[in-house]
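All chains are named by letter (A, B, ...) in the order of the sequence lines, taking the proteins before the strands, and each is independently numbered beginning at 1.
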Protein chains: 2
Amino acid sequence: MTRATIKDVSRVAGVSIKTVSRVLNKERYVSDDMRQKVEEAVARLNYHPSLAARTLAGKRSFQIGLIHDNPSPYYIFNMQAGVGQRCREANFRMIIQPCDVNSPGLIDDIGALIDQAQLDGIIMTPPVTDVGTALAELFRRKIPVVRVQPGTDLTATSAVYIDNVQAADDMTAYLISLGHRRIGLVTGHANYFASGQRLTGYRQALQRAGIGFDATLVFPGQFDFQSGAAAADALLALDDPPTAIFASSDEMAAGVLAAAHRMGIRVPDRLSVAGFDDTDLAQVVWPSLTTIRQPIRDLGYAAADLLLEFGETIERRQLPHELIVRGSTAPPQA
Amino acid sequence: MTRATIKDVSRVAGVSIKTVSRVLNKERYVSDDMRQKVEEAVARLNYHPSLAARTLAGKRSFQIGLIHDNPSPYYIFNMQAGVGQRCREANFRMIIQPCDVNSPGLIDDIGALIDQAQLDGIIMTPPVTDVGTALAELFRRKIPVVRVQPGTDLTATSAVYIDNVQAADDMTAYLISLGHRRIGLVTGHANYFASGQRLTGYRQALQRAGIGFDATLVFPGQFDFQSGAAAADALLALDDPPTAIFASSDEMAAGVLAAAHRMGIRVPDRLSVAGFDDTDLAQVVWPSLTTIRQPIRDLGYAAADLLLEFGETIERRQLPHELIVRGSTAPPQA
DNA sequence: TTGAAATAAGATAACGCTGTCATACGCGAA
DNA sequence: TTCGCGTATGACAGCGTTATCTTATTTCAA
């Protein structure tokens, strides 16, 4: 028993091939009578149209690509879950393309992907979102693009994002409200635009509270565990160390926690630690992390939604973040 | 400027379409002369063959599917990385299909995937590997299948795996060698065959050391953080609590750590904790976890390799695990 | 009542490849 | 020389859809 084709369906339903195609594509000008006959035949034969044939004959491929260069399993997993969910709803398929932002072959790889699979659209996550040459290549091919948290050319493509400035402001303000005055900040990788935005939010909250900005309390990180631990080592070795450390990612916050544990500094009693993202990680470290929930899955869903609903039309969508208070933060000890 | 087709290439190279096709597919009977002309034209036009057309015309689709129902981002991420890598080497594409083992639509979903995309092969990860109805559907379609760590019908398909019994034995023996006599075990989800195998390895090591098996020291978990913490609560509340706890996953080990922290029990001084998998998580908790490194990425790579190299021919490959000693284990306090 | 537009259906040509078959050439054995 | 075989190339049909064009039929305003 081989696969059923549209021809089989048309024979069983007693209609022309084109009519079956019309029903499948929900085109107009099909009588209810015909539609029903076709649907019955489709069900009876358990027919599924060949994507290859549809792609070849039509202008659409029913496939979108997700391009990423992100070492965080949590991020990618949730992004895929969101995009995948929306794709499934629309009967689209998602093609994952990991890539290397620093590779010279990046543009060729992306081009090859689009050519070979004839993608209907592309979703990009940071930091690929901000590679000018890659963007240019996509424009050249006139393919719809949605970027997640883009940092540059904000209006060049559709985009979904959260308000990073406000989120960092929220967290900083929360720490201040607990009574902290010296708050360390571990920034993210310089490649990521969000890193700068979070610094802005941090400064903004400090200023509103009348707390002077102290550059020695800001330490550059790379979003990963190691750099979080290193930052904590440096910050806690200061003459006047911070009573709270706000890390721009949960991984770095985990690093801060580990460093504190290593030094015998009790968290949150002697040091408050805050993260960013609310990945699963936030709840599997001890104490569990106060963090900003970034709705990664929803961002993915929204990105796919923009692609499928609007196509080339440029659209933007901001999603809400949320301050999640857990056990890693407390008022500073007297 | 639209995409280049094989026709364009043939015109530029001054040869027939079929010759271009031959070069592309590395068929025999092509002179070096021709081959070079074609390759030049391909490069000049930046030509990439249409997957849709190849799939439709040929018998292969150059796509394989990765079917999973696994809530662990780490696992999936690394599995994808391994499979993806091998696919890229062979110029294949990987289609990800998350699914729900308990959904009644599972079989239809898999069938639709294969029909629509005309996949050349399927890779499955636990626990989907052991769903009999799904396996039957794949056999019916005569599609090559490679399973990762299958638990049932071991010889029914190609498979890649590690020796779970030996791995659990290794860890248990290591804890015994540190001087532990009462070793708690948190098992994994009953759906996973590996859970039972690890229990076997644990018992095997105990027996070899002449330590009696104590069923009260074995607590059922679900592979996740919560169940790890719950297991630790229960085990540490025993009249004669264990001095070491071996959790069958890093996530559960993280749960054990958190529970210990909560109770003020120092790790590893008062309690040794061991995990399984060596996911990234193992290094971002404190103290970092002694664990069994399961080469997930390599398993993925090997799975794709079996599929691409052997096709329908059933082949099996066992990969080595490794005991990784970190800070969460130590000799028991006197 | 008429005819132009809207509706409903089918016949047939692409789409860009691969598979099959046909053809042509060189070379060693008969 | 001739035959046959391995090698090298091309012509052309088809893969399973959608797009385009054509042919009814119905509807509705003038």
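At the phosphate of C/dG19, neither OP1 nor OP2 sits under 4.0 Å from any side-chain N or O atom of B/Ser21. Taking side-chain N and O atoms only, A/Thr19 has no distance below 4.0 Å to OP1 or OP2 of C/dA9. Under 4.0 angstrom from either OP1 or OP2 of D/dG16 there lies no side-chain N or O belonging to A/Thr5. Taking side-chain N and O atoms only, A/Ser31 has a distance below 4.0 Å to OP1 or OP2 of C/dA9. Taking only side-chain nitrogens and oxygens, A/Ser50 never comes nearer than 4.0 Å to OP1 or OP2 of D/dG16. For D/dA8, neither phosphate oxygen OP1 nor OP2 lies less than 4.0 angstrom from any side-chain nitrogen or oxygen of B/Tyr29.
In this structure, A/Gln116 and B/Arg93 have side chains that are in contact, with non-hydrogen atoms separated by less than 4.5 Å.
Using a 4.0 Å heavy-atom distance criterion, B/Leu24 is classed as making no nucleic acid contact. Nucleic acid contact for B/Tyr47: sugar-phosphate only, since backbone atoms but no base atoms lie under 4.0 Å from a heavy atom of the residue. Across all strands shown, A/Arg60 has no heavy atoms under 4.0 Å from either base or sugar-phosphate atoms.
Atom pair A/Ile17:CD1 and C/dA14:P shows a separation of 17 Å (rounding to whole Å applied). Spacing between atom CZ of B/Arg11 and atom P of D/dG10 amounts to 15 Å, rounded to whole angstrom units. If you take CG of B/Leu51 and C1' of C/dC15, they are 15 Å apart, rounded to a whole angstrom. Here the P atom of nucleotide D/dA8 and the NZ atom of B/Lys37 are 14 Å apart, to the nearest Å. Rounded to a whole Å, the CZ atom of B/Arg22 is 10 Å from the C1' atom of C/dT20. Regarding A/Asp8, its CG atom lies at a distance of 12 Å from the P atom of D/dC15, rounded to whole Å. We find that CZ of B/Phe62 is positioned 17 Å from P of C/dG16, with the value rounded to whole Å.
When distances run from any side-chain atom of A/Ala57 to the nucleotides C/dC17, D/dT18, D/dG10, the shortest one goes to D/dT18. Minimum atom distance to the side chain of B/Arg28 is reached by D/dT7, of the listed D/dT9, D/dT7, C/dC15. Comparing atom distances between the B/Met34 side chain and each of C/dT18, D/dT9, C/dG16 picks out D/dT9 as nearest.
If you check distances only, the side chain of A/Lys18 does reach the base of D/dA19 with a donor-acceptor pair under 3.5 Å.
Shown here for A/Ser50 and B/Gln118, the closest heavy-atom pair between the two residues is OG-OE1, 3.3 Å.
Taking 4.0 Å as the cut-off between side-chain N and carboxylate O, A/Asp120 and A/Lys59 do not count as a salt-bridged pair.
Both tests pass for A/Arg54 against the ring of A/Phe62: distance under 6.0 Å to the centre and angle within 45° of the axis.
Classification of the B/His68-A/Phe77 ring pair by plane angle, with boundaries at 30° and 60°, yields tilted.
Heavy-atom distances to DNA chain D give each of A/Lys59 and A/Leu56 a nearest nucleotide, and the one nearer the 5′ end belongs to A/Leu56. Remark on DNA chain D: of its neighbouring residues A/Lys7 and B/Ser16, the 5'-side contact belongs to B/Ser16, judged by nearest-heavy-atom nucleotide.
Under the 3.5 Å distance criterion, the side-chain polar atoms of B/Arg316 are left unmatched by any main-chain donor or acceptor of B/Val160.
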